[in-house]
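Let me begin by presenting the structure, written as structure tokens, before commenting on it.
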Amino acid sequence: MNSLFVHIKAVVQRQDQYLIFRHWVDDRIIDPYSWEFVDTELEQGESPEQAALRAVSENTGIEGRIVRPLYTWSNMLGERQCVGIAFLVHLATDEEDIKIGDEYCGYEWITLQELDDYIDNPYVVKDLHKALG
């Protein structure tokens, strides 16, 4: 059985800072939380850009605008193939009050130099440094 899904990542930028969210992963490990960017799966009939903006709106309470695609990726997760697209997104307002989505338990604004301190996935860090650096 062939199974494919499209994963969308929105890297939200404000001046020289990027928005990351703290997400619960698994309470059976020492640190059950990880930091990540806003992400979602592409829904039927939705464009990748629409999915990125939907995820930003649902997880910040603020509308965004796509600046540009940053990078793509593809990998196998068991029997499923994941194709991913990351977009650079600016918030439509400088409003400070982020209303985080239910799946997150906190957020931070970090600089590009701080990525290594928060993001555990070395491939994401490498791709972002290449795309944004």
> Out of V12, L19, I119, which residue meets the side-chain contact (heavy atoms from CB on, under 4.5 Å) rule with F37?
Replying inline: I119
>> When you compare the side chain of L70 with that of D127, does any pair of heavy atoms fall below 4.5 Å?
In response: no
> Are I8 and V124 joined in one hydrophobic group, where the rule is that I, L, V, M, F, W and Y side chains link up if heavy atoms are under 4.5 Å apart?
Replying inline: no
>> If you define the side chain from C-beta out and look only at heavy atoms, does anything of Y71 sit under 4.5 Å from K130?
In response: no
>> Could you check whether any side-chain N or O of Q17 sits under 3.5 Å from a backbone N or O of R14, counting only pairs where one atom can act as donor and the other as acceptor?
In response: no
> Stepwise, does the side chain to side chain contact (heavy atoms under 4.5 Å, CB included) test hold for L42 with I85?
Replying inline: CA-CA 10 Å; L42 185 69; I85 307 169; over 6 Å; no
>> Within the 4.5 Å heavy-atom criterion, are D116 and H129 side-chain neighbours or not?
In response: yes
Distance-only check: which donor-acceptor pairs under 3.5 Å involve side-chain atoms of residues 52-66, not counting sequence neighbours?
{"residue": "R54", "atom": "NE", "partner": "E46", "partner atom": "OE2", "Å": "2.7"}
{"residue": "R54", "atom": "NH1", "partner": "T40", "partner atom": "OG1", "Å": "3.2"}
{"residue": "R54", "atom": "NH2", "partner": "T40", "partner atom": "OG1", "Å": "3.2"}
{"residue": "R54", "atom": "NH2", "partner": "E41", "partner atom": "O", "Å": "3.1"}
{"residue": "R54", "atom": "NH2", "partner": "E46", "partner atom": "OE1", "Å": "3.0"}
{"residue": "S57", "atom": "OG", "partner": "E63", "partner atom": "OE2", "Å": "3.1"}
{"residue": "N59", "atom": "ND2", "partner": "A55", "partner atom": "O", "Å": "2.8"}
{"residue": "T60", "atom": "OG1", "partner": "V56", "partner atom": "O", "Å": "2.7"}
{"residue": "T60", "atom": "OG1", "partner": "I62", "partner atom": "N", "Å": "3.0"}
{"residue": "T60", "atom": "OG1", "partner": "I62", "partner atom": "O", "Å": "3.1"}
{"residue": "R65", "atom": "NH2", "partner": "H90", "partner atom": "ND1", "Å": "3.3"}

>> Distance check, rounded to the nearest 0.5 Å: H23 atom NE2 versus Y33 atom OH?
In response: 10.5 Å
>> Measuring only between side-chain heavy atoms, which start at C-beta, is E79 closer than 4.5 Å to S3?
In response: no
> Any side-chain heavy atom of L132 within less than 4.5 Å of one from Y18?
Replying inline: yes
> With sequence neighbours left out, what residues match S74 under side chain to side chain donor-acceptor pair (under 3.5 Å)?
Replying inline: Q81
> At their closest point, which heavy atom of D39 faces which heavy atom of H7, and how far apart are they?
Replying inline: OD2-NE2, 3.1 Å
> So do the side chains of Y123 and N75 get within less than 4.5 Å of each other, counting heavy atoms only?
Replying inline: no
> Is L88 reachable from I110 through a run of I, L, V, M, F, W or Y residues, each pair having side-chain heavy atoms under 4.5 Å apart?
Replying inline: yes
> What is the minimum heavy-atom distance between Q13 and W109, and which atoms define it?
Replying inline: C-CZ3, 4.2 Å
> Going from CD on E43 to CD on Q50, what distance comes out if it is rounded to the nearest 0.5 angstrom?
Replying inline: 10.0 Å
> Linking I/L/V/M/F/W/Y whenever their side-chain heavy atoms sit closer than 4.5 Å, directly or via other members, would I100 and V89 fall into one cluster?
Replying inline: yes
> For the residue pair W73 and C82, what are the closest heavy atoms and their distance?
Replying inline: NE1-SG, 3.9 Å
> Relative to each other, are the rings of W35 and Y118 parallel, tilted or perpendicular (30° and 60° limits)?
Replying inline: perpendicular
